[in-house]
Amino acid sequence: MNTPAPTAIATNAGTIPVAESIAAPVASTSPVRELLALRDALDGSLHLPADADWDAARTAWNLAVDQRPAAVVIAGSAHDVVLTINAARELGLSVAPQSTGHNAAPLGGPDGLAGTVLLRTSSLRGVSIVPESRIARCESGALWADVTTPAAAFGLAALAGSSPDVGIAGYLLGGGVSWLARSHGLAVNSITAIEIVTADGLLRRIDADHEPELFWAVRGGSGNFGIVSAIEIRLFPMTEVYAGTLFFPLAEASRVLQAWREWTADVPEQVTSVGRILQFPPLPELPDFLRGQSYVVIEAALQAPPVDADAVLAPLRDLDPVIDTFHPTPMSELDQLHMDPQGPVPGVGDGFALAELTAGAVEAFVAAAGAGSGSALLSAEIRHVGGAAGRSPLGAGAVSHLDSEFLVFGAGIAATPEMGAAAAASVDRLAAALLPWRSAVLYQNFAEGAQEPRAIWGADVDRLRAIKVVYDPSNTIRSNHPVL
């Protein structure tokens with residue numbers, strides 16, 4: 001039997017009413033009829049394949065992923081999450097959480113979400129900030145733009161993603177590598193509490209003192225243990241950084257990236273940077289200097305006054321960039337630095353970690369993605385982490401740090417089947433070229449395909465599986481990277 005859920009939970013944003021965990025309808029031979037009954041009870045909406053708006057409801061941010069669930073629920077409240085889990089469990093269906101669907105490919109898997117209710121939290125975007133305690137309570141559908149702008153008004157910064165339209169929940173629960181990662185660690189370590197509905201239909205507020213084992217598992221175990229409705233995170237006093245991009249001709253990729261590799265060996269932890277090859281399509285919405293152009297670039301965010309930052313950047317500027325955009329950057333604008341696509345796009349991508357970045361690894365990277373390689377990738381990047389991102393703080397969760405100092409990610413546009421195939425082949429070629437330097441454990445937020453659980457969590461997978469069995473013995477909750 002289910003124990004009734006509390007009628008309210010206390011958070012830093014106040015007391016939130018919670019409906020009791022109610023029993024789902026008795027299992028029926030007509031799931032559609034039962035799902036229609038669920039529709040009538042929701043604050044949000046339920047969508048079925050026969051509905052006129054079905055395609056819009058099931059479409060992920062990555063338009064190349066064809067999601068075909070049994071139903072889609074767009075939750076209007078945490079109560080909707082409770083109702084949906086209970087109904088799905090009684091009908092023998094799985095429930096898969098999704099906010100934006102940036103990393104939708106592994107969630108759908110080979111069956112395209114058959115037998116699964118896709119529970120979208122994209123309408124749950126409320127954010128409240130308590131500046132005195134430097135805590136933000138964010139509903140699980142919030143995007144980083146929903147957090148960084150109001151936080152900046154208080155002189156505070158979140159360990160946010162590199163794109164304003166990435167959802168906070170998946171990013172945080174998978175680790176989270178921000179532009180402050182080398183000084184402040186992985187973003188998952190900034191989580192102070194989580195509101196989650198587990199497979200028994202109970203809404204729980206978990207933290208270091210309340211169900212600490214579940215709190216450990218969700219911080220890095222991502223969507224395996226329930227549907228998150230809200231997350232509380234710690235903010236940091238910071239108003240701006242010195243950030244920008246150095247652009248060089250693509251033909252200079254080897255020279256520039258080798259120099260950048262050597263530069264990263266000595267930079268302070270207040271510097272986070274990316275070495276990247278970019279091949280921009282001839283799209284009219286792009287500015288003239290990007291449209292149809294190809295570059296090797298170095299992006300960086302430095303927590304230092306301009307005069308000190310300029311001294312750190314001097315060896316890179318000595319390489320004679322053709323464009324230099326470095327300037328004091330307000331925290332609310334930092335999410336523009338990485339130049340990620342705005343809005344949903346069809347894409348193919350994948351990433352992994354490097355055990356080391358040698359001169360040979362850089363040459364292999366350039367050979368696979370640089371000039372003359374035939375690469376169809378819009379972007380191929382090497383991200384420098386290490387520093388605090390490589391250290392596990394006290395009381396951390398299942399993913400607390402990265403053992404590797406560099407991450408690689410490649411992505412291409414898949415606007416047509418032919419473009420998608422070319423991009424996929426280029427991603428595979430990049431991965432194969434860097435195979436000799438790859439780490440055994442990868443960074444799950446960069447993993448766009450199915451992975452063996454130990455490739456994500458290493459030895460911790462056994463502990464995660466034990467917790468999964470306690471909280472979801474029937475495996476009702478479906479994650480993009482399952483522990484089982």
Side-chain angles (χ1 to χ4, degrees), residues 9-14 16 78 97 99-100 102 121 124-196 204-212 214-223 225-239 241 272 331-332 334-335 388-389 392-401 444-445:
I9 54 178
T11 75
N12 285 319
I16 304 171
S99 173
T100 62
H102 277 74
T121 62
L124 304 179
R125 292 180 61 175
V127 174
S128 57
I129 295 173
V130 182
E132 295 79 12
S133 60
R134 299 174 183 166
I135 294 292
R137 178 184 178 273
C138 314
E139 292 186 321
S140 59
L143 309 180
W144 276 117
D146 300 326
V147 181
T148 55
T149 299
F154 294 111
L156 299 171
L159 304 183
S162 58
S163 179
D165 63 353
V166 165
I168 63 124
Y171 167 90
L172 284 168
L173 300 181
V177 175
S178 75
W179 284 112
L180 309 178
R182 284 178 38 78
S183 59
H184 289 67
L186 296 186
V188 65
N189 295 323
S190 70
I191 296 174
T192 58
I194 297 171
E195 296 163 31
I196 185 171
R204 309 165 188 261
R205 185 182 186 280
I206 60 175
D207 56 27
D209 298 316
H210 302 88
E211 302 190 74
L214 180 59
F215 187 54
W216 175 86
V218 177
R219 288 178 297 153
S222 197
F225 305 94
I227 310 297
V228 170
S229 59
I231 303 176
E232 293 178 18
I233 59 173
R234 187 178 300 107
L235 303 175
F236 301 89
M238 191 177 302
T239 57
V241 293
T272 297
M331 299 308 296
S332 60
L334 187 55
D335 56 18
S392 179
L394 186 65
V399 172
S400 60
H401 69 288
Q444 66 176 299
N445 284 1

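Partners of Asp146 by salt bridge (charged side-chain N to carboxylate O under 4.0 Å, His left out), not counting sequence neighbours, listed by chain and number: Arg125. Residues forming a side chain to side chain donor-acceptor pair (under 3.5 Å) with Asn189 (at least two apart in sequence, or on another chain): none. Residues passing the side chain to side chain donor-acceptor pair (under 3.5 Å) test with His184, sequence neighbours excluded: none. Listed by chain and residue number, nothing satisfies the salt bridge (charged side-chain N to carboxylate O under 4.0 Å, His left out) test with Arg134 (two or more places apart in sequence, or in another chain). Every residue two or more places apart in sequence or in another chain was checked for a side chain to side chain donor-acceptor pair (under 3.5 Å) with Ser178, and none qualifies. By the ring pair (Phe, Tyr, Trp, His ring centres under 6.0 Å) test, Phe215 pairs with no residue at all, sequence neighbours left out. For Phe154, there are no ring pair (Phe, Tyr, Trp, His ring centres under 6.0 Å) partners, not counting sequence neighbours. Every residue meeting the side-chain contact (heavy atoms from CB on, under 4.5 Å) condition with Ser163, not counting sequence neighbours, appears here in chain and number order: Asp165, Val166, Asp340. Take Ser392 and apply the side-chain contact (heavy atoms from CB on, under 4.5 Å) test, not counting sequence neighbours, and it matches Ala396, Ser400, His401. With sequence neighbours excluded, the residues that form a side-chain contact (heavy atoms from CB on, under 4.5 Å) with Glu139 are Leu124, Arg137. Contacts of Pro164 classified as side-chain contact (heavy atoms from CB on, under 4.5 Å), with partners at least two apart in sequence or in another chain: Ala145, Asp335, Gln336, Gln342.
Using a 4.5 Å cut-off on side-chain heavy atoms (C-beta onward), Met331 and Leu180 make contact. Contact annotation: the side chain of Glu232 never approaches that of Asp207 to less than 4.5 Å [non-hydrogen atoms, C-beta and beyond]. Considering only heavy atoms from C-beta on, Leu334 stays 4.5 Å or farther from Thr148 through its side chain. Two residues are said to be in side-chain contact when any heavy atoms from C-beta on lie closer than 4.5 Å; Ile196 and Ile206 meet this criterion.
Screening Ile191, Leu159, Val188, Leu186 for a side chain to side chain contact (heavy atoms under 4.5 Å, CB included) involving Leu172 leaves a single residue, Ile191.
When every heavy atom of Pro131 is checked against every heavy atom of Leu156, the shortest pair comes out as CA-CD1, 4.2 Å.
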